[in-house]
Amino acid sequence: MRLKEFSKIPTGPIKMKKVVITREVFSETIELLSTHFDIVANQQDLIFKRDELFDLISDAEGIQTATSDRVDDEFLDAAPLVKVIANTAVGYNNVDLEACSRRGVIVTNTPGVLDATVADYAIGLMISACRRIGEGERYVRSGQWKGMRFKQLLGVDVYGGTLGLLGFGRIGQEIAKRANGFGMRVLYHARSPVDPATEASLNASYVSKDKLLQSSDVVMLILPYSKETHHMIGENQLSQMKKHSVLVNIARGGIVDDKALINALKNQTLFAAGLDVYEGEPKLNPEFLELENVVLSPHIGSGSVSTRRAMAMTAANNLVSVLSHNQAPLNPVNRS
Ligand code: NAP
């Protein structure tokens, strides 16, 4: 080694790359990332103001984000060294992919590890909305129940009904498996049909969106939010649904025009809705709170202990793969 090169070797402690985890995660994720990086973790789960977060990420090379983080040009300007945004979710509509790609920033997500958990929850919301479980619970808790009445809180059957899945990817197909167990007929719509073998194994039929809306007893949304899917379910689509049908949105707020849905629920042109997500969440249209025929949940479709652990570790492993091992990301969603 020539002296010139030798003099380039740093003398003090080796500076590790910095990774910021914007929201609380499980301790094993902190432990994994700490062995590879200098980390800043938000284990108190503070809701940072944008400029507070921008200070933290100003020298970060990796950021483990949550769906509550809006990763846009302004965010990326504040993080000039960032190479990887590891979003702790399968959906990534909170990330401006085009802006990241333009800057060569890799974006990753957490597909696969949450499919069964979200599918279970979707079935739960469907049954709750059809059988008025939330309404019944409120009734009992409020002390109004004075005894069993034959026609009390009658719902609609799940068993034997037709389920229409808008979106038929990883999670949609898991929901179809479960619906088969309830003796439901399964229709689905996406931009393109899945292969015939998958259709046959899930006993599912591809139909147009209009046919799905008109024929289903339960319409369930499980597709990404994008410019293309913004308000995909509005007044026109809701008016095509059967009078006693149920809408379940387990996908993302903004796919449904919430105002139009509230009108349909108020006018009882729909029987009920089950919602895990809202336009502009965590705010939600206060009119939802006044309605008995809607089941409201706080975006917890993937919220089981083991699945949230797996999601956080998947996001962390993407950071390790790129920033520590100089390898390709495990779950890339853009071509940076
Ligand atoms: P996926 O495997 O990518 O499946 C997406 C499905 O949507 C595919 O069938 C796709 O088919 C269809 N699709 C995409 N764009 C469409 C469009 N413009 N019109 C009609 N269909 C369209 O995704 P996944 O893992 O099942 O997750 C789906 C979504 O669920 C995620 O993006 C996320 O937002 C949401 N999610 C919510 C929770 C929660 O906690 N509530 C948890 C997990 C996921 P084509 O490409 O052929 O159109």
Side-chain angles (χ1 to χ4, degrees), residues 23 25-26 66-68 87-94 109-138 155-159 161 163-184 186 188 190 202 204 216-225 229 233 245-256 258 261 270-279 281-282 284 288 293-315:
R23 300 298 300 268
V25 289
F26 291 95
T67 52
S68 52
N87 207 39
T88 318
V90 67
Y92 44 84
N93 53 291
N94 58 309
N109 68 343
T110 67
V113 295
L114 41 59
D115 301 349
T117 297
V118 180
D120 285 354
Y121 196 77
I123 296 290
L125 270 185
M126 171 175 73
I127 297 176
S128 296
C130 288
R131 299 295 306 278
R132 305 171 69 169
I133 291 178
E135 206 180 337
E137 217 243 6
R138 288 190 290 280
V156 293
D157 271 326
V158 167
Y159 174 81
L163 172 66
L165 287 162
L166 197 44
F168 200 60
R170 289 170 293 252
I171 301 171
Q173 292 177 27
E174 280 294 318
I175 296 169
K177 277 187 206 163
R178 288 155 177 74
N180 281 321
F182 284 93
M184 296 186 90
V186 179
Y188 77 95
L202 295 169
S216 302
D217 299 301
V218 178
V219 171
M220 203 179 272
L221 311 179
I222 187 66
L223 72 172
Y225 177 70
T229 61
I233 301 295
S245 63
V246 165
L247 179 76
V248 173
N249 187 5
I250 187 79
R252 280 288 183 273
I255 299 176
V256 177
D258 281 354
L261 175 60
L270 288 188
F271 183 75
L275 306 176
D276 190 40
V277 287
Y278 311 88
E279 264 190 298
E281 65 182 56
L284 76 163
F288 277 128
N293 57 346
V294 61
V295 181
L296 304 170
S297 77
H299 200 151
I300 52 171
S302 64
S304 75
V305 175
S306 63
T307 290
R308 286 282 164 86
R309 282 188 189 280
M311 288 166 69
M313 287 304 267
T314 303

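Values reported hereafter were calculated over all heavy atoms of this structure, with side chains retained and with hydrogens, waters and symmetry mates removed.
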Heavy-atom pair with the smallest gap, counting every atom of F182 and I123 = CE1-CG2, 3.8 Å
Can you tell me how far the [atom1] atom of [X] sits from the [atom2] atom of [Y], to the nearest 0.5 Å?
X	Y	atom1	atom2	result
M184	L163	CE	CG	5.0 Å
I175	D120	CD1	CG	9.5 Å
F271	S245	CZ	OG	10.5 Å
M311	S306	CE	OG	11.5 Å
Y278	D258	OH	CG	9.0 Å
L270	N293	CG	CG	8.0 Å

With a 4.5 Å limit on heavy-atom distance, are the side chains of H299 and R252 in contact?
-> yes
Could you check if a side-chain atom of I250 sits within less than 4.5 angstrom of a side-chain atom of V118, using non-hydrogen atoms only?
-> yes
Could you tell me whether a side-chain N or O of [X] sits under 3.5 Å from a main-chain N or O of [Y], the two making a donor and an acceptor?
X	Y	result
N249	G274	no
N109	A89	no
D276	G301	yes

If only side-chain N and O atoms count, and only distance matters, is there a donor-acceptor pair under 3.5 Å linking [Y] with [X]?
X	Y	value
T117	T307	yes
N94	N87	yes
S297	Y121	yes

Could you tell me whether E174 and R170 have a side-chain N and a carboxylate O separated by less than 4.0 Å?
-> no
Would you call the rings of Y188 and F168 parallel, tilted or perpendicular, where under 30° means parallel and over 60° means perpendicular?
-> parallel
Qualifying residue for side chain to side chain contact (heavy atoms under 4.5 Å, CB included) with L275, from V295, L261, L221, V256 | L261
Count the heavy atoms belonging to other residues, nucleotides or ligands that lie under 6.0 Å from CZ of R178, then report whether that count exceeds 12.
-> yes
For the pair L166 and I233, evaluate side-chain contact (heavy atoms from CB on, under 4.5 Å) and give the outcome as yes or no after the intermediate values.
-> CA-CA 10 Å; L166 197 44; I233 301 295; 3.9 Å; yes
